[in-house]
Every structure is written in structure tokens, then in C-alpha cells.
Colleague: 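Structure below; questions to follow.
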Amino acid sequence: AIQSDRLLTIASSGTLSMVVDLDYTGLNNDRFALAGTEKYLAGRIKLQAEQENVELRDLALRFVTNTGATTYAALDATIDSINLYSNPSMADNTLLGTADFAATTTLEDVNYTVVDGTDSYLFVGLRLNSVGTESDGTAVVSTSFKFKVDGAGHDVVGASSNDDITPTVTQTLTNDITVVPVKITNVASTFSSGNLIGGNQNIFSFTVTADAGRNTDADGDVLSAHLTRMKLQLSTDVGDG
């Protein structure tokens, strides 16, 4: 008989956890998205693999409407496609997968390797239809939604074991995203120095910059923003005494 003191260790299959990451700068508040935007960064997904590298082949996202006024038909008319990137730059060479919009959208053949013990991130970009006379001018103004990693519909395997893996999904939703036809991008003010004098006097001026992108009215004219309210805060360096 042949004896061996060799000890064999059989490793278990890997695990994968996925969640929408709300801590990423710029994505941690409710936001407005300009209709007609080709690449709108809508969310970041955090992935963590344990025990082995894990290959994410298919990823499923679930879209949710925010208000009764937003229907899935409005979402379908407004969101053209969902794109998954490995970098927030959303450069073409970082594109991992793309799919037409659906309430549950599955991005197939992503084939992204999540490294064991290292936090990984994927970025969701949306192509939004425009408002007005453009060929894709079907977007519905004030469409409001959020999305999450769906609880099912993923294809995940262990890179070493080749075992199928059911990921652990925390179904955290993104913050609200509302689609608008015009977006104010900057407000700047200019204050002149000097002492106040009697009578009428201009003490400061401000400029407002708005972006309508490709959005137009029914006649094909570029849309403009109507400023109805602006909040000002004035202070003085003169004491009460």
C-alpha cells in the first residue's frame, strides 16, 4: 500500500455582491438630466468578489418610475438605450455592453472580471432621446425615474471553478433622475466695489447660462428657459452700533 501525508484542500465556489453605490460624487443627490444627451452618467455599481475571481457575463437592471405621472411608456419614449462602462469617462473603448430600454434591462455578454478581494465599479450611462423636431424627438418632459440592480437575471461564473454563482444583490435604488428639455448650467454674479450713494444704483449683476442641447419646440426653434424665481442672500459688514 502507498501512503501519502499530502493534504488536499478543495476550495469552495466564489461569491459576488452587487449594489448601486450612492456615495459616488455627483450621483448622491436627486438630479436633472438634459433630454437628447448621448452619454448621461446615471449610476455606479459596486461589485465585490470573494474566494476567487468572478466573471460577470450578464447584468440585469430594474427601472422604477418615481411618480404616477411617469409611465413606463414615457420611459420607453425617453430612454433610447442603456450602456455599461468600466470607467466614468464613458469613453467608447470602456464600453462593456449595451441594450435597448426595458423595465428590466439585461446587458448581455459584459464579460467583466471582478477581482477577488478588490472593490470593482461599473458605470451606467443612458442615451436619452431629444424633445421636438429631431428624428429621435420623442422624450417626454418631466419623466422621472430611478433604477437598481435587479434581484435576478444575471449570469455569473467563477473564473477558476467555472461554477455558476448566484450573486448577493442589495436592491438599493439610485436617487431620482428627472428628464428636462432645458437645464440651467451656471449662474454667475459680478459685484462692483465702492460706497452706496443716494438714488437708484446698480450694485451687482448676474448672468444665467442654460443649455437646451438638441431640444426644440414644435416649430423647430431652440427651447429657452423661463426663470420664474431666484433666491438672493444679502449681508453687510456694518455693525448694529
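Quick note: residue numbers are just sequence positions, from 1.
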Colleague: Could you point out which residue of Thr15, Asp119, Thr168 forms a side-chain hydrogen bond (donor to acceptor under 3.5 Å, both in side chains) with Gln48?
Modeller: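 Answer to the side-chain hydrogen bond (donor to acceptor under 3.5 Å, both in side chains) test with Gln48 among Thr15, Asp119, Thr168: Asp119.
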Colleague: Side chains of Thr216 and Thr133: donor-acceptor distance under 3.5 Å anywhere?
Modeller: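 There is such a pair (donor and acceptor under 3.5 Å, judged by atom type) between the side chains of Thr216 and Thr133.
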Colleague: Looking at Phe101 versus Phe63, is the centre-to-centre ring distance below 6.0 Å?
Modeller: yes
Colleague: The test is side-chain hydrogen bond (donor to acceptor under 3.5 Å, both in side chains); show your working for Ser144 and Thr178 and say whether it passes.
Modeller: CA-CA 4 Å; Ser144 188; Thr178 303; 3.1 Å; yes
Colleague: Are Lys146 and Asp30 within salt-bridge range, i.e. N to O under 4.0 Å?
Modeller: no
Colleague: Give, for atom CG of Asn83 and atom CG of Leu41, the distance between the pair rounded to the nearest 0.5 Å.
Modeller: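 CG of Leu41 is found 11.5 Å from CG of Asn83.
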Colleague: Would you say Glu52's side chain and Ser160's backbone share a donor-acceptor pair under 3.5 angstrom?
Modeller: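 Checked: pair present.
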Colleague: Please name all residues satisfying salt bridge (charged side-chain N to carboxylate O under 4.0 Å, His left out) with Lys183, sequence neighbours left out, ordered by chain then number.
Modeller: none
Colleague: Could you walk me through whether Arg127 and Ser81 pass side-chain hydrogen bond (donor to acceptor under 3.5 Å, both in side chains), step by step?
Modeller: CA-CA 5 Å; Arg127 185 190 185 281; Ser81 57; 5.6 Å; no
Colleague: If the threshold is 4.0 Å, N to carboxylate O, is there a salt bridge linking Asp136 and Arg214?
Modeller: yes
Colleague: Do you see a donor-acceptor pair shorter than 3.5 Å between the side chains of Asn129 and Thr78?
Modeller: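 Per modelled atom types, Asn129 and Thr78 side chains form no pair under 3.5 Å.
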Colleague: So, Ser13 versus Asp163: side-chain donor-acceptor pair below 3.5 Å or not?
Modeller: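 Indeed, the side chains of Ser13 and Asp163 share at least one donor-acceptor pair under 3.5 Å.
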Colleague: Tell me which one of Leu47, Asn53, Val156 satisfies side chain to side chain contact (heavy atoms under 4.5 Å, CB included) with Val114.
Modeller: Leu47
Colleague: Rounded at 0.5 Å granularity, tell me how far CD1 in Ile45 sits from OG in Ser120.
Modeller: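 Reported value, rounded in 0.5 Å steps: 12.0 Å.
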Colleague: Main chain of Ala60, side chain of His154: is a donor-acceptor contact present, judged purely on distance under 3.5 Å?
Modeller: yes
Colleague: Can you tell me how far apart CD (Glu38) and CG (Leu128) are? Round to the nearest 0.5 Å.
Modeller: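 It is 9.0 Å, given to the nearest 0.5 Å.
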Colleague: Let me see the working for Val187 and Thr207 under side-chain contact (heavy atoms from CB on, under 4.5 Å), right down to the final yes or no.
Modeller: CA-CA 6 Å; Val187 178; Thr207 58; over 6 Å; no
Colleague: Would you kindly check if the NZ (Lys) or CZ (Arg) of Arg44 is within the cone defined by 45 degrees around the ring axis of Phe123 and under 6.0 Å from the six-membered ring centre?
Modeller: no
